[in-house]
Each structure stands twice: as structure tokens, then as C-alpha cells.
There are 2 protein chains.
Amino acid sequence: MPAHYPLSATEEAVSRRLGSIPVNREALVAVSNLHRAASAVRQHLENSALRAADLTWSAFVVLWVVWIWEEIETRHTAAEAGISKGTLTGIIKTLESRGLIERRQHPDDRRLALLRLTPEGLALMEDLFPAFNAEEAFVVDSLGGEEVLHLADTLRRIITHLEEKGEVRRESLRRDTPVPPRRGGRRRAT
Amino acid sequence: MPAHYPLSATEEAVSRRLGSIPVNREALVAVSNLHRAASAVRQHLENSALRAADLTWSAFVVLWVVWIWEEIETRHTAAEAGISKGTLTGIIKTLESRGLIERRQHPDDRRLALLRLTPEGLALMEDLFPAFNAEEAFVVDSLGGEEVLHLADTLRRIITHLEEKGEVRRESLRRDTPVPPRRGGRRRAT
DNA sequence: GGAAAATCTTTTGCCCCCGAACGACCTGCA
DNA sequence: TGCAGGTCGTTCGGGGGCAAAAGATTTTCC
């Protein structure tokens, strides 16, 4: 999905509009490209390797995590997959109904739930993963080997930085200007 | 949202599971980090700068595009924002109801719709953008100036590569194994 | 031993996201 | 001039996404 306007025209429009406003342009472009790239990559993987199995990106990521760990608690699955627990509940429901994943209660702590792949799920992943990985390789095809490593490392530093300093930063911003909580969330029972 | 298991443990689990399967590990890590980074960045921006205005990421991106171009057709807005036209319809509805955006018919072609910011929308963006950009800067804080430029360039190459070669690639995969279309989409009327 | 606090999963409400179908509109060609 | 074929925005169905509330269970502390 190419953007409609050439990059040069966009640059020009941005300059016209932001003329008097000081901007960190490098950060702007980096963040913008980060999201464009992530969504283009996701789109490609969903429309190539994942299409044959009729899986969404998120469903695949969950299957991958459970596959790798053989048996894993749902809370850890959510953390590893990078989604909230509430979201995970829905995905599990779908994967369970398709017979790819199984849930059982933790023997010692009944609050916990454990996940593992069914034999069908296992067979699917063994078949699907190589195709998926081949598309991941295609995605970074235009980069040199060195550059792929460097990219991964740069991104990892961004992730770590936000994990370590993000909360403090947001906290201090909130001290300056108290802000309303994000909308949404369950309504209190009447 | 740090992952639960240390990276080293994950690496080990992956090795155990994929022992016999050949893997392009560099591509795997790069793609994985790309998505983790994009979602961490988005999360940070939504919970810092965008929180005060009660805007989601997508709503902000749409406002940004319309702001930059002053007046723009909806189809171009969707392309620039990187979302489908169906998604855009919903976001516009929200922004219109909040009085931030206006829609009018194209004078020469009644199929087209034109978007522009209301005075309130304009005031909001002039106020919000500097704060947003400051958080973009924070996000890449841990990188050197050179590295930010290099990151943007690397990501741009991935985007371009997928725009130019992605369709052909998916096409040729489909020739090998015909696949069902993605689920979802409106049902044909009875 | 029992109530309060902590911890987990699920539910709920609001939003985003895509793609196919649809109706309104425009255009080219017979 | 009239209609076939294309384009546009919207609608609709199926899913994902979060935060807060709720319900179930375990732990802590008197």
C-alpha cells in the first residue's frame, strides 16, 4: 500500500505547515518509518505464509510462544506475545475452537491456566514455521547481513530504553499536567 | 511490558524446539524486534502525549495527515495514514463528532469527500504536535544521531522493498499453493 | 481460623483493522 | 442516449487491542 503522494511532496507540505514550529525531524521520520515498516511486514506475512493456515498475526504469535515453551501459563504467554491478558483470552478461545491449542488448570494453583498445543497444532507449526521464516527472510532481503543484525540491535535498544525509562517519563509528564485516564474499560456494575 | 522470560532463556527454548529445523535467525529476530519496538513506541506515545488530548494513535495520525495537507480527499488520507478506507470511515466519524474535523463534498466529483480540520482541530494540533514530537525524540533517545538516520533509512528500504516486490512475491506463492481468501468481509446479500 | 490483601483469568465497553459487498456516481463507447 | 465498467465512500462481519471491573482462588497477617 504505497502512500499516494511522493515523499518529496510530503516533505514539502510538512515544511510549509511546520515552518515556524521547531521539529526533531529525524525522530519524526524514524518513528513514522518504524510504524510503516511494521505494518507492511505484518501485512505481507499475513497475506503470504499465514494465509494458507488462515491465521492472523496475533494468533500465530501465540501459537509460536506456546510451541516454543511446550507448556506455559497464560500470563507468561501474554507477556511473551506482547499482548494484554484480556486480548489473550479471546485469541485462545479462537485457537481452542479450532482444535490447535489446549488449556488445563494448574495442578497446584487453580487461579492459573496452562496452555499447550494439540497434536494438530504441533503439526501445523512444524509445517508452517519454515514458510513463515522464509517470508521473514524475504522481508529483510534488501538489507545486507550486517545491516539486519544492526537493525535488530538498534530496535532492541529502543525496546529496552522504553522498558527501563518509559514509566518514569510518563510519570513525570503526568506530574506536570494531570491527565484523564484512557477511555474504555468495563463500567462499574449498578 | 517486559517479556517474562529473560532473552537467554527464550533463546535456549527456541534452540531446543527448533534443533533440527533450519532457521534464518537474524531475520526472525529482526522481524520480532521490529514489532516489539513499534508496539512499545505506540504504547508510549498513546500513554504520554496523546493521553492529554484523549486521542488514539490512529486518530492522531489522521489528524496529522489532514493538518499537513490542509484539505485532502479521503482516499488519499487513508493511503497516507496507512489504513484501509473502511477503517478511515470510522475514525472520521469519531473525529467529526468531537468537532475536530470537517467533511465536505468535492465540488466536481460527487463520489469524493474532502477533509479539513476545524478551528478547534487546528488549535489542538498546534498545541499537541510539539509535545508529541518531544516524545518521539525521547523514544530514540538511547540512539546516536547517526544511528537514528541509519534506522530511518533501513526501515525505508524495507518499506520500499515490500511495496515494489511484495505483490509479485505473494502472487508467485499463490501459484504454488492456491490459498483461501482471508476471512471476514461483508456477506453477500440474500 | 478467619478476614483482608494480593494475584489470576475472564468479562465488558469502546475502539481499531481489514476486506468484501454495496450503492452512488462518473465515463467511455456504441 | 443509454448502459457497462470503473471508482469512491460506507456498511458489515469477523477479529484483535486495551483498561477497568468482576469473580475465583491463594496468601498474609492478626
For B/S58, which contact category applies under a 4.0 Å heavy-atom criterion: base, sugar-phosphate, or nothing?
sugar-phosphate
May I have the distance from A/H106 (atom NE2) to D/dT25 (atom C1'), rounded to whole angstrom?
13 Å
So, A/S84 and A/T87: side-chain donor and acceptor under 3.5 Å apart, yes or no?
yes
Heavy atoms under 4.0 Å, any strand shown: does B/S84 hit a base, just sugar-phosphate, or nothing?
base
Shortest side-chain distance from B/K93, nucleotide among C/dC25, D/dT11, C/dT9:
D/dT11
Check: A/S32 side chain, A/L28 main-chain N or O, donor-acceptor pair, under 3.5 Å
no
Separation of atom CD in A/Q105 from atom C1' in C/dC8, rounded to whole Å
11 Å
Rounded to whole Å, how long is the line connecting atom CD of B/E46 with atom P of C/dC15?
13 Å
More 5' along DNA chain D: A/I91 or B/G90, using each one's nearest nucleotide?
B/G90
Of B/A59 and A/L112, the one whose nearest nucleotide on DNA chain C sits closer to the 5' end is A/L112
Output one line per pair: protein atom, nucleotide atom from nucleotides 2-6 of chain D, and distance, for all N/O pairs under 3.5 Å.
residue, atom, partner, partner atom, Å
D/dG6, N2, B/R111, NH1, 3.0

Please list every donor-acceptor pair under 3.5 Å in which a side-chain atom of residues 136-146 of chain B meets a protein atom from a residue at least two apart or in another chain.
residue, atom, partner, partner atom, Å
B/E136, OE1, B/N133, ND2, 3.0

Could you verify whether a donor N or O on one side chain and an acceptor N or O on the other, from B/H44 and A/R170, lie under 3.5 Å apart?
yes
N or O in side chain of A/S39 less than 4.0 angstrom from C/dC18 OP1/OP2
no
Whole-Å gap separating P (D/dT11) and CG (B/L88):
12 Å
Could you pull out all residues at least two apart from B/R16 that satisfy side-chain hydrogen bond (donor to acceptor under 3.5 Å, both in side chains)?
none
Check: A/R110 side chain, D/dT25 base, donor-acceptor under 3.5 Å:
no
Atom-pair distance (CG on A/L45; P on C/dC18), nearest Å:
15 Å
Separation of C/dG19 C1' from B/R170 CZ (nearest whole Å):
14 Å
Among D/dG15, C/dG19, C/dT9, which nucleotide sits nearest the side chain of A/T56?
D/dG15
Quick one: which of C/dT10, D/dG9, D/dG16 gets closest to the side chain of B/T89?
D/dG9
How many Å lie between CD on A/Q43 and P on C/dC16, as a whole number?
18 Å
Does the gap between the ring centers of B/W69 and B/H76 come in under 6.0 Å?
no
Can a donor-acceptor pair be found between the side chains of A/E147 and B/T154 at a distance below 3.5 Å?
yes
Roughly how far apart are A/F60 CZ and A/L50 CG, rounded to 0.5 Å?
6.0 Å
If you only use heavy atoms from C-beta on, which nucleotide in D/dG9, C/dC17, C/dC25 is closest to the side chain of B/T87?
C/dC17
Between the base of C/dT12 and the side chain of A/R187, is there a donor and acceptor pair under 3.5 angstrom?
no
Could you give the CH2-to-C1' distance, from B/W57 to D/dC18, as a whole number of Å?
16 Å
State which of D/dA21, C/dA20, D/dT10 makes the closest approach to the side chain of B/R186.
C/dA20
